[in-house]
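Residue numbers run from 1 in the order of the sequence given. Ligands are counted one by one from 1 in listed order, and the atoms in each one are counted from 1 as well.
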Amino acid sequence: MKKISLLGATGSIGIQTLDIIRGHREAFQLVAISAGRNLDSVRKIIIEFKPEFVSVQEKVDCETLQTEFPGLSIGYGPSGIEEAAVYDKADILVNAVLGSVGLSPTLKAIQAGKTIAIANKETLVTAGHLVMEAAIQHNVPILPVDSEHSAIFQALQGEQAKNIEQLILTASGGSFRDRKREELKNVTVREALNHPNWSMGAKITIDSATMMNKGLEVIEAHWLFSLPYEKISVVLHKESIIHSMVEFHDTSIIAQLGTPDMRVPIQYALTYPDRMPHPTGSRLSLAQIGKLHFREMDFDRFRCLKFAYDAGMAGGTMPTVLNAANEAAVAAFLEGKITFLQIEDLIERELHKHTIITNPDLETIQEIDEQTRKSVLSLI
Ligand SMILES: NC(=O)C1=CN([C@@H]2O[C@H](COP(=O)(O)OP(=O)(O)OC[C@H]3O[C@@H](n4cnc5c(N)ncnc54)[C@H](OP(=O)(O)O)[C@@H]3O)[C@@H](O)[C@H]2O)C=CC1
Ligand SMILES: CC(=O)[C@@H](O)[C@H](O)COP(=O)(O)O
Ligand SMILES: [Mn+2]
């Protein structure tokens, strides 16, 4: 029986992780969760899964839940998330919280010796060096949940890193993949949230539309697989059937395929190195799909991808600025305060004005993160 602590239990990845636990009660037990402000979902999770520790974002929500569930141990705020992350009985932490708020709990969980199943890509983007260093120091596995990284991880099983020629990440192109840049001026939040293949949380769906999602994934891949940026490429693949590939020196390419269903990579991280039947058993039929399409990436059309490569290669605090500016700008777009193309402009501005600090520690990263968000907000 694997005991799981789940951060971001009420979100898209959180809900799908609960599906896996529900489908394999004999293998998994939920012992701790964290959530934001969705109390109705938290109540349902408490009743169905009976976790021993629950954390919510706000003190007032914590107090409400405490009166409803008097025997339950409940925390709140950043310290509550950390408590959930290091919950004593948990073997594995599934980090499905949104944003760089996931960084500190991840580091604490690594120090506590928990295996980490990481969906929360912002944590690896903003401080990949700290996370990977801590994982090596504490001998803790970091298992990818993001579909592209799970695909690469699966393709690499039994392979040697020295034989890798390059990683090839696939990108769907997002909600506006068939529109030219000049057609993006007046696009609405509703249109941007309409991803062609995946049903996901709002922030990552906007990131897919700007192609920042792929940029964050390039940086994520750099840290997870310890490869230079020159060995990480992106190809447009509108069907999201091939989730990513690895090319080896001998020219062989190994790909992982599947329907766009995050429960597959979530479950693989939970069962690794074993596998289990899928909870619904829905299978991919290549004969029904018929054709798969691939197109070269256009860095002028998708400027955020170029920003991410540049920030990743520059290193130091540049990826922190990229991530924080993006989080702040996307939140502003979702609130209707800026236009879609202003997301790129705001990020570009923050990157240009930043002076890199090399090898930043946690405190520096948190400071730069906060400063960048404030700077973006001051321009809106
Ligand atoms: N969705 C997907 O298919 C994929 C997602 N990812 C990554 O996984 C992560 C989660 O994405 P997704 O599930 O889509 O996001 P959602 O927005 O659907 O869910 C986010 C979760 O985090 C919680 N949360 C948000 N802010 C805070 C905060 N300040 N304090 C505490 N909890 C908070 C939310 O709580 P509440 O709702 O209760 O307010 C919710 O449980 C992201 O990093 C994303 O990039 C990676 C690959 C695929
Ligand atoms: C499901 C998942 O892993 C997302 O990150 C997905 O990859 C988004 O798709 P695109 O960024 O390719 O549009
Ligand atoms: Mn992905």
Check: So do Thr64 and Arg43 actually touch side chain to side chain, heavy atoms under 4.5 Å?
Finding: yes

Check: Which one holds for Ile81 and ligand 1: side chain close, backbone close, both close, or neither close, with close meaning a heavy atom under 4.0 Å?
Finding: side chain

Next item on the list: Check Ile204 against ligand 1 and report side chain, backbone, both or neither, counting heavy atoms closer than 4.0 Å.
Entry: side chain

Margin query: As a test of understanding, state which of Ser172, Ser240, Ser175 forms a side chain to side chain donor-acceptor pair (under 3.5 Å) with His195.
Written below: Ser172

Check: Under 3.5 Å, is there a donor-acceptor pair linking the side chains of Thr115 and Lys2?
Finding: no

With a 4.0 Å cut-off on heavy atoms, does [X] reach ligand 1?
{"X": "Ser34", "answer": "no"}
{"X": "Ala35", "answer": "yes"}
{"X": "Lys203", "answer": "no"}

Note to self: I'd like to check whether Met200 has a polar contact with ligand 1, where a contact means an N/O of the residue lying under 3.5 Å from an N/O of the ligand.
What the structure shows: no

Check: Relative to ligand 2, is Met211 under 4.0 angstrom through side chain, backbone, both or neither, heavy atoms considered?
Finding: neither

Next item on the list: For atom 3 (O) of ligand 2, find the nearest protein heavy atom and state the residue, atom name and distance (0.1 Å precision).
Entry: Ser147 OG, 2.6 Å

Margin query: To check your reading of the model: name the closest protein heavy atom to atom 4 (C) of ligand 2, its residue, and the distance in Å.
Written below: Met200 SD, 3.6 Å

Notebook entry, point to check: Any idea which N/O/S atom from Asp146 gets closest to the Mn ion (ligand 3)?
Noted result: OD1

Note to self: Under 4.0 Å, counting heavy atoms only: does Arg177 come that close to any atom of ligand 2?
What the structure shows: no

